[in-house]
Amino acid sequence: DAGVTQSPTHLIKTRGQQVTLRCSPKSGHDTVSWYQQALGQGPQFIFQYYEEEERQRGNFPDRFSGHQFPNYSSELNVNALLLGDSALYLCASSDDLGYNSPLHFGNGTRLTVT
Amino acid sequence: DQQVKQNSPSLSVQEGRISILNCDYTNSMFDYFLWYKKYPAEGPTFLISISSIKDKNEDGRFTVFLNKSAKHLSLHIVPSQPGDSAVYFCAASVGGSNYKLTFGKGTLLTVNP
């Protein structure tokens with residue numbers, strides 16, 4: 001039973017570029033959330049996708065956008081990259097929206113912006 | 001504005017002893033609290049949770065205590081094992097949400113053999 005898988009594992013981009021990160025949820029899960037973890041900080045909620053729509057969003061600018069596909073996989077896109085976007089990006093999935101189904105996290109994509 | 005605070009960046013304990021990790025929160029709307037454990041190069045793994053209608057939840061060696069009046073929760077690990085060495089994150093949410101979590105900065109627990 002595969003857990004949450006993310007690709008790529010590492011990525012180096014230049015300021016101003018655009019990046020796409022990918023996530024496949026755990027088998028049986030249909031809800032995907034994205035988090036950003038800066039160095040020395042806890043993960044910070046970016047947004048959540050359910051039924052191919054963005055349902056909730058954290059305090060992140062419009063440069064951060066996403067998509068969920070019919071097979072429940074998801075992409076996170078970041079435009080006009082800033083040095084401050086360097087972080088570990090975590091994808092998490094669940095099969096319910098409530099407390100009966102804790103989030104399962106992937107191992108993350110380490111993004112470095114130079 | 002840090003709504004979930006873990007004031008101890010690190011904690012070191014001896015194998016077999018109790019580990020106590022602490023967490024404070026400021027948002028009185030939080031009603032669901034979780035602990036996640038994170039090993040290097042891996043994503044956070046769910047450990048244990050507690051709803052605000054309870055003051056204690058136990059799962060094997062792990063117990064979480066919630067003091068709503070003090071806006072404080074703690075995670076007790078008894079007995080501590082070297083494999084417990086990891087970063088522990090406290091997280092909270094509003095409305096029982098399992099996906100929009102507010103995390104603390106984490107506490108690095110080291111259990112020495």
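Heavy-atom basis, side chains included; hydrogens, waters and symmetry copies ignored. Just so it is clear: chains get the letters A, B, ... in the order the sequence lines come, proteins before strands, and each one is counted from 1.
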Legend entry - Common cluster, Leu34(B)/Ile48(B), ILVMFWY with side-chain heavy-atom separation under 4.5 Å: no

Legend entry - Exceeds 12 heavy-atom contacts within 6.0 angstrom, atom CZ of Phe30(B): yes

Inset, instruction - Measure the CZ-CD distance between Phe103(B) and Gln44(A) for me, rounded to the nearest 0.5 Å. - result: 11.0 Å

Inset, instruction - Could you tell me which portion of Leu103(A) (side chain, backbone, both or neither) has an atom closer than 4.5 angstrom to a non-hydrogen atom of chain B? - result: both

Legend entry - Proximal component of Leu88(A), with respect to chain B [non-hydrogen, under 4.5 Å]: side chain

Legend entry - Which of Pro9(B), Gly106(B), Gly43(B) touches chain A most, by non-hydrogen pairs under 4.5 Å: Gly43(B)

Legend entry - hydrophobic_cluster_shared for Leu81(A) and Tyr89(A), side chain cutoff 4.5 Å: yes

Inset, instruction - Mark yes when over 12 heavy atoms from residues, nucleotides or ligands other than Lys5(B) sit less than 6.0 Å from its NZ; otherwise mark no. - result: no

Legend entry - Closest heavy-atom pair and its distance - Gly42(A), Phe89(B): CA-CE2, 3.7 Å

Legend entry - Heavy-atom contact with chain A under 4.5 Å, split by part of Tyr36(B): side chain

Inset, instruction - Decide whether Leu21(B) and Tyr32(B) are clustered together by the hydrophobic rule: side chain heavy atoms of Ile, Leu, Val, Met, Phe, Trp, Tyr closer than 4.5 Å, transitively. - result: no

Inset, instruction - Select one option (side chain, backbone, both, neither) describing which atoms of Gln41(A) are under 4.5 Å from chain B's heavy atoms. - result: both

Legend entry - Same apolar cluster (I L V M F W Y, side chains within < 4.5 Å links), Leu73(B)/Leu109(B): yes

Legend entry - Approximate separation, where rounding is to 0.5 Å, of Lys100(B) NZ and Tyr35(A) OH: 9.5 Å

